[in-house]
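One structure is given below, encoded as C-alpha cells.
Residue numbers begin at 1 in each chain, while the letters A, B, ... track the order of the sequences.
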Amino acid sequence: METTQPHAYRESRGELVHFDDGIVRLFVLATAIWGFVGMLVGALIALQMPFWQANLGPYLTFGRLRPLHTNAVIFAFAGNAIFAAVYYSTQRLVKARMFSDLMSRIHFWGWQTIIVSAAITLPLGITTSKEYAELEWPIDILITVIWVVFAVNFFWTLKVRREKHLYVAIWFYIATIVTVAVLHIGNSLAIPAGLFKSYPIYAGVQDAFIQWWYGHNAVAFFLTTPFLGLMYYFLPKAAERPVFSYRLSIVHFWSLVFIYIWAGPHHLNYTSIPEWAATLGMVFSVMLWMPSWGGMINGLFTLRGAWHKLRDSVVLRMYVIGITFYGMSTFEGPMLSVKTVNALSHYTDWTIGHVHAGALGWNGFMTFGMIYWLLPRLWKTKLWSPRLANAHFWIGTIGMLLYVMAMYSAGVTQGLMWRAFDEAGRLVYPDFMETVIQIVPMYWVRLIGGLMYLAGVILMLVNLFKTIATAPSKLDDSSITVS
Amino acid sequence: MSPFIETDGKHRKLEGWPFMFTLLTTIAILIGGTVEFLPLVLVESNVPRIETVLPYTPLELAGRDVYIREGCVGCHSQQVRPFRDEIERYGEYSKPGEHVYDHPFLWGSKRTGPDLHRVGGKYPDLWHVRHMEDPRSTSPQSLMPPYAWLLANDLDFEDIPSRMSALRKVGVPYSDAEIESAVRDARTQATRIAEGVAETGGPDGLEDKEIVALVAYLQRLGTDIN
Ligand code: HEM
Ligand code: HEM
C-alpha cells in the first residue's frame with residue numbers, strides 16, 4: 001500500500017503493458033461451472049421441500065444440503081464472478097498487470113480448494129451452523145490466508161499503477177476486500193474441540209448479534225459492493241457511455257459503506273436482542289434505501305440515450321434486469337426491516353423470495369451479462385450463439401419471476417395463517433401442519449421456476465464451451481500502450 | 001459538501017491516494033458495528049441473568065451437537081417472539097438470559113417446521129424417537145426428512161469431555177469434577193431415557209445411540225424458566 005505521496009503513481013508514457021487474461025479466463029470458467037453445481041443443489045433442496053422422499057440420508061438431506069447450496073452459490077458462483085470482474089477491470093483501470101501472477105494463481109486454486117472442502121464437509125455434517133459461515137475452523141483459516149494473498153496482490157497492483165486516480169469501481173473493490181476480512185475474522189472467532197468442531201467465543205444474544213452483523217454485511221460486501229464495482233466497469237463499457245454522475249457515485253459510495261454496517265439487527269427483530277439494538281438496525285436499514293437507489297440510478301441513467309442498444313445487446317438487457325432487481329430488493333429490504341412488516345415476513349418464505357430476487361436478479365444477471373461480454377474478448381473469437389444467449393435471457397427471467405412470485409404468495413399466506421384468530425380468541429390454525437399444506441403447491445411452482453433458471457445456466461455453459469472451442473489455439477495476453 | 005465532490009474537488013485528490021482511501025473506508029465500516037456491539041458485551045442489563053438457567057448436561061450437549069450436525073436450524077427456529085399468536089402456539093416468549101450457554105445460538109431464520117424453543121416436555125420421549133425415525137408415524141402429513149440413522153449410530157461418549165473443556169474456555173462454567181464424570185453421567189442419563197422409551201413400547205437398546213442424546217436435548221429446550 002502506498003504510504004508516501006499522492007503522486008507516487010508511475011509516469012510511463014509509451015510503455016507497453018500486458019494484462020494477465022489467463023487468470024480471468026480461469027475465474028470465468030469456475031464461475032459458470034460452480035454456478036451450475038450450486039443451483040443444481042438449489043433445485044434438489046427445492047424438490048425436497050414438497051417431496052420428502054428426495055432426502056437421501058444421511059449425507060444428502062435438506063438440513064445438510066441447504067448450507068451447501070448457499071455456500072456454493074454465494075462463495076463459489078458469486079465469489080468467482082467477483083474475482084473475474086476484479087482481475088479483469090482493475091488491470092485495465094490502473095493500466096498495470098496484476099502485481100504477481102503467482103499470487104493470482106494461489107488465489108484461484110486456493111479458493112477452489114476452499115469450495116471443494118465445503119462440498120465435502122457440509123454433507124458430512126461438519127458445520128458451525130452459523131448461516132453463510134458454516135465452514136469449520138481449518139477451512140476458515142485457509143479462507144483468511146487466501147484472502148490476504150488476494151488483498152496483497154490487489155493493493156500492490158494499485159501501488160504500481162499508471163493511472164493516477166482510482167475509478168469508482170476500485171473504491172467498491174477496496175471496501176469489499178477490507179470489510180470481508182473484518183467480518184470473516186470477527187464472526188469466526190472460536191475455540192476448537194477437535195479438527196472438525198469448534199464453539200464460538202460468543203453465546204446467545206451476543207453470538208446472534210455478531211452472526212447477523214456478519215450475515216447482513218456478507219450480503220452488503222459480498223453480494224452488493226463488488227457487484228456495484230462490476231456494474232461501474234462493465235455497464236459503461238457495454239453501453240459505450242460514461243457513468244451518469246460522478247458526484248452521485250461519491251455520495252452513494254460513502255453513505256452505503258457507512259450505513260450498511262449498522263443494519264444487521266434487522267435480522268433479529270422481536271427476538272431476545274435488546275430493543276434499542278433492533279431499533280437502530282431498523283432505522284439504518286430504512287436509511288439504506290437512498291444510497292442503494294443512488295447506485296441503481298447511476299446504473300440505469302448511464303443508459304440514457306443508449307436504450308435503443310438494448311435491442312441488439314443481450315448483455316445490456318441482462319444488466320437492465322440485474323439493476324432493476326437490485327432496485328427492487330433494496331426497496332423491499334428496508335420495508336422488511338420495519339418491525340410491523342417483519343413481524344409478518346420473518347421466518348416465512350417471504351424472506352426466501354427477497355433473497356432470490358436479489359440473488360437471481362441482481363447477482364445472477366449481472367454475472368451472466370459480464371460473462372457474455374467477456375467471452376469473445378477473453379477467447380478472441382465470436383460468441384458461438386447470440387440466439388442461445390437470448391434464450392438464456394428469457395428463460396432465466398421467466399424462471400426467476402415464477403420463483404419469487406411463488407415465494408411471496410407462500411410467505412404472506414403462511415404469515416397470515418400463523419396469526420389468524422377466530423372470534424372466540426382461539427388460533428384458527430392451531431396445527432402448524434395446516435399452514436404447511438396450504439403452501440406446498442407454491443413449493444412446486446418455485447421448483448419449476450428454479451429449474452427454468454437452471455436451464456438458462458446450462459444454455460450459458462453450452463455457449464461458453466462452444467465458444468471456447470472456436471478460440472485460436474494460442475491466446476496472447478491483451479496489451480495496451482500507455483499514452 | 002460541494003467543494004468535496006466537485007469534478008476537481010477534494011475527493012479527486014483522495015482518489016489519487018489509495019492508502020488514505022483504504023484507511024477512511026476502514027474507519028467508516030468499523031463505526032457501526034463497534035457502537036452496536038460494545039454495549040452488548042459491556043452493559044450487563046442488556047442480557048439479564050436468570051438464576052435457574054444452567055449449562056447443558058453432558059448428554060444434552062452431545063444431543064445439541066447432533067442437532068447442529070443435521071442442520072435442524074435450517075428449518076426450525078428457537079425463538080418465540082412476544083406476540084399473542086406465538087405465545088398461544090408455542091408457549092412463553094424467549095428471554096435473553098435463556099441463551100447464555102448457547103455456543104452457538106440456534107435461533108434460526110426460517111420456519112419450514114414449527115419453532116422448537118418450548119418443545120421441551122411437550123411430547124413423551126417415545127414420541128420423539130418415533131418422530132425422528134419416521135416423521136409420518138406421528139404427523140401424517142409432515143414434510144420432514146426421516147432420521148432413522150440416529151437410532152442406529154453409536155454416540156461418541158468419549159468425545160464429550162474435550163467438548164466440555166472447549167466450552168469452558170469460552171465461559172461455560174463446567175467444573176473439573178463435572179468434566180471428569182461426564183462420560184459416566186452421560187451414560188446414566190442415556191440409560192434412563194432408553195429404559196423409559198423401551199418401557200412405553202418403543203425399541204430396546206437405544207442407550208448408546210445418538211437418538212437418546214438428541215431426545216435429551218429436545219426435552220431440555222426452554223424448560224429452565226417456569
Ligand atoms: C436454480 C436456482 C436456485 C434454486 C432452485 C434455489 C433454491 C433454494 C431453496 C429451496 C432454498 C431454501 C429455502 C428454505 O429454506 O425455505 C434456498 C435458500 C437460499 N438460496 Fe437459493 N436457489 C437458487 C439460486 C440461488 C442463487 C443464485 C443464490 C445466490 C447468489 C441463492 C442464495 C440462497 C440463499 C442465501 C438462501 C438462504 C436464504 C435464507 O436463509 O433466508 N440461491 N435456495
Ligand atoms: C437496502 C438493502 C437491503 C435491506 C435493508 C435488506 C433487508 C433485509 C431484511 C429485513 C431481511 C429479513 C430478515 C429476517 O426477517 O429474517 C433480509 C434478508 C435477506 N436479504 Fe436483504 N436487504 C437488502 C438487500 C438485499 C440484497 C440486494 C440481497 C441479495 C443480493 C439481500 C439478501 C438477503 C439475504 C440472503 C437474506 C436472508 C438472510 C437469512 O435469513 O438467512 N438483501 N434482508
Walk me through whether B/W107 and A/L268 qualify under side chain to side chain contact (heavy atoms under 4.5 Å, CB included). CA-CA 9 Å; B/W107 300 356; A/L268 297 165; 3.7 Å; yes

Run the side chain to side chain contact (heavy atoms under 4.5 Å, CB included) test on B/E36 and A/W213 for me, step by step, so that the C-alpha distance in whole Å, both residues' side-chain angles and the decisive distance to 0.1 Å come before the verdict. CA-CA 10 Å; B/E36 288 178 344; A/W213 165 78; 5.7 Å; no

Determine, step by step, whether B/D65 and A/K197 satisfy the side chain to side chain contact (heavy atoms under 4.5 Å, CB included) criterion, reporting the C-alpha distance in whole Å, the side-chain angles of both residues, the deciding distance to 0.1 Å, and the verdict. CA-CA 9 Å; B/D65 286 341; A/K197 180 78 191 163; 3.1 Å; yes

A/W212 vs B/S109, test: side chain to side chain contact (heavy atoms under 4.5 Å, CB included). Steps then yes/no. CA-CA 11 Å; A/W212 284 113; B/S109 66; 4.3 Å; yes

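Here the straight-line distance linking atom OG1 of B/T22 with atom CD1 of A/I177 works out to 9.0 Å at 0.5 Å rounding. Taken from CG in B/L106 to CG in A/D207, the straight-line distance is 8.5 Å, to the nearest 0.5 Å. B/F19 CZ to A/K159 NZ: the interatomic distance, rounded to the nearest 0.5 Å, is 11.0 Å. Atom-to-atom distance recorded for B/S142:OG and A/F432:CZ is 10.0 Å, nearest 0.5 angstrom. Note: A/I126 CD1 to B/I68 CD1 = 13.5 Å, rounded to the nearest 0.5 Å.
Note: A/A203 leads A/A203, A/A193, A/A420 in heavy-atom pairs under 4.5 Å with chain B. The most heavy-atom pairs under 4.5 Å with chain B, out of A/A277, A/P58, A/P430, come from A/P58. Between chain A and the residues B/L167, B/L30, B/T26, B/L24, the largest count of heavy-atom pairs under 4.5 Å involves B/L167. The choice from B/H99, B/E88, B/Q141, B/H103 that makes the most heavy-atom pairs within less than 4.5 Å of chain A is B/H103. Contact tally against chain B (heavy-atom pairs below 4.5 Å) for A/E131, A/E275, A/H267, A/E134: the top residue is A/E131. When the candidates A/G125, A/P192, A/S198 are compared by the number of heavy-atom contacts under 4.5 Å with chain B, A/G125 comes out ahead. Between chain B and the residues A/V257, A/I174, A/T271, A/V178, the most heavy-atom pairs under 4.5 angstrom are made by A/T271.
Residues A/P50 and B/L143 come closest through the heavy atom pair O-CD2, 4.0 Å. For the residue pair B/P145 and A/T61, the shortest heavy atom distance occurs at CB-CG2, 4.3 Å. Between B/A166 and A/Y199, the shortest heavy-atom contact is CB-CD1, 4.0 Å. Here the shortest heavy-atom pairing between B/W149 and A/G57 reads CZ3-CA, 3.5 Å. Among all heavy-atom pairs drawn from A/Q206 and B/V41, the shortest one is NE2-CA, 3.8 Å. The shortest heavy-atom contact between A/R64 and B/R69 is NH2-NE, 3.4 Å.
In this structure, no portion of B/C72 lies under 4.5 Å from any heavy atom of chain A. Contacts between A/P265 and chain B at a heavy-atom distance below 4.5 Å involve the side chain alone, from C-beta outward. For A/Y167, no part lies near chain B; criterion is any non-hydrogen pair under 4.5 Å. Interface residue A/A343: backbone and side-chain heavy atoms are both found under 4.5 Å from chain B. If you measure heavy-atom distances from A/P200 to chain B, the contacts under 4.5 Å come from both the backbone and the side chain. Heavy-atom distances place no part of A/F196 under 4.5 Å from chain B, backbone and side chain included. Interface remark: A/I437 contributes side-chain atoms only to the contact with chain B (heavy atom separation under 4.5 Å). Residue A/R419 touches chain B through both its backbone and its side chain, counting heavy-atom pairs closer than 4.5 Å. Heavy atoms closer than 4.5 Å to chain A are found in the side chain of B/F83, but not in its backbone. When heavy atoms are compared at a cutoff of 4.5 Å, A/Y270 approaches chain B by way of both its backbone and its side chain. The contact between A/V205 and chain B is made by backbone and side chain atoms together, counting heavy-atom distances below 4.5 Å. Interface remark: B/L14 contributes side-chain atoms only to the contact with chain A (heavy atom separation under 4.5 Å). With a threshold of 4.5 angstrom between heavy atoms, B/L150 does not approach chain A through any atom at all. With a threshold of 4.5 angstrom between heavy atoms, A/V440 approaches chain B through side-chain atoms but not through N, CA, C or O. With a 4.5 Å cut-off on non-hydrogen atoms, A/I259 does not touch chain B at all. When heavy atoms are compared at a cutoff of 4.5 Å, A/T127 approaches chain B by way of both its backbone and its side chain. Of the atoms belonging to A/W418, heavy atoms from both backbone and side chain fall under 4.5 Å from chain B. Of the two parts of B/S165, neither the backbone nor the side chain holds a non-hydrogen atom closer than 4.5 Å to a non-hydrogen atom of chain A. Of the two parts of A/F51, neither the backbone nor the side chain holds a non-hydrogen atom closer than 4.5 Å to a non-hydrogen atom of chain B. With a threshold of 4.5 angstrom between heavy atoms, B/M144 approaches chain A through N, CA, C or O but not through any side-chain atom.
Under 4.0 Å is where a charged nitrogen must lie from a carboxylate oxygen, and between B/K110 and A/D349 at least one such pair does.
Not one N or O on the side chain of B/R89 forms a donor-acceptor pair closer than 3.5 Å with the backbone of A/L427. Proximity of a side-chain donor or acceptor of B/Q79 to a complementary backbone N or O of A/S272 within less than 3.5 Å is detected.
Results of the side-chain contact (heavy atoms from CB on, under 4.5 Å) test with B/T25 over A/F253, A/F258, A/W171, A/F172 single out A/F253 as the only residue that passes.
Judged by the 6.0 Å distance and 45° axis criteria, B/R84 is positioned over the aromatic ring of A/F421.
By the neighbour-count criterion of 12 heavy atoms within 6.0 Å, atom CD of B/E51 is sparsely surrounded, having that number or fewer from other residues, nucleotides or ligands.
Under the 30°/60° scheme for interplanar angles, the aromatic rings of B/F37 and A/F209 are found to lie parallel.
In this structure, the side chains of A/F155 and B/P18 stay at 4.5 Å or more apart for every pair of heavy atoms. Between B/P140 and A/M433, every side-chain heavy-atom pair lies at or beyond the 4.5 Å cut-off. Contact of the B/R81 side chain with the A/H346 side chain is registered, since non-hydrogen atoms from C-beta on lie closer than 4.5 Å. Side-chain contact between A/Y246 and B/R12: present, with at least one pair of heavy atoms (C-beta onward) separated by less than 4.5 Å. Proximity of B/I31 to A/W262: side-chain heavy atoms (C-beta onward) are separated by under 4.5 Å at one or more points. In this structure, B/P146 and A/W52 have side chains that are in contact, with non-hydrogen atoms separated by less than 4.5 Å. Side-chain contact check for A/F221 versus B/I29: some heavy-atom pair is nearer than 4.5 Å.
Side-chain contact check for B/H11 and A/W254: at least one donor-acceptor pair (N or O, by modelled atom type) lies under 3.5 Å.
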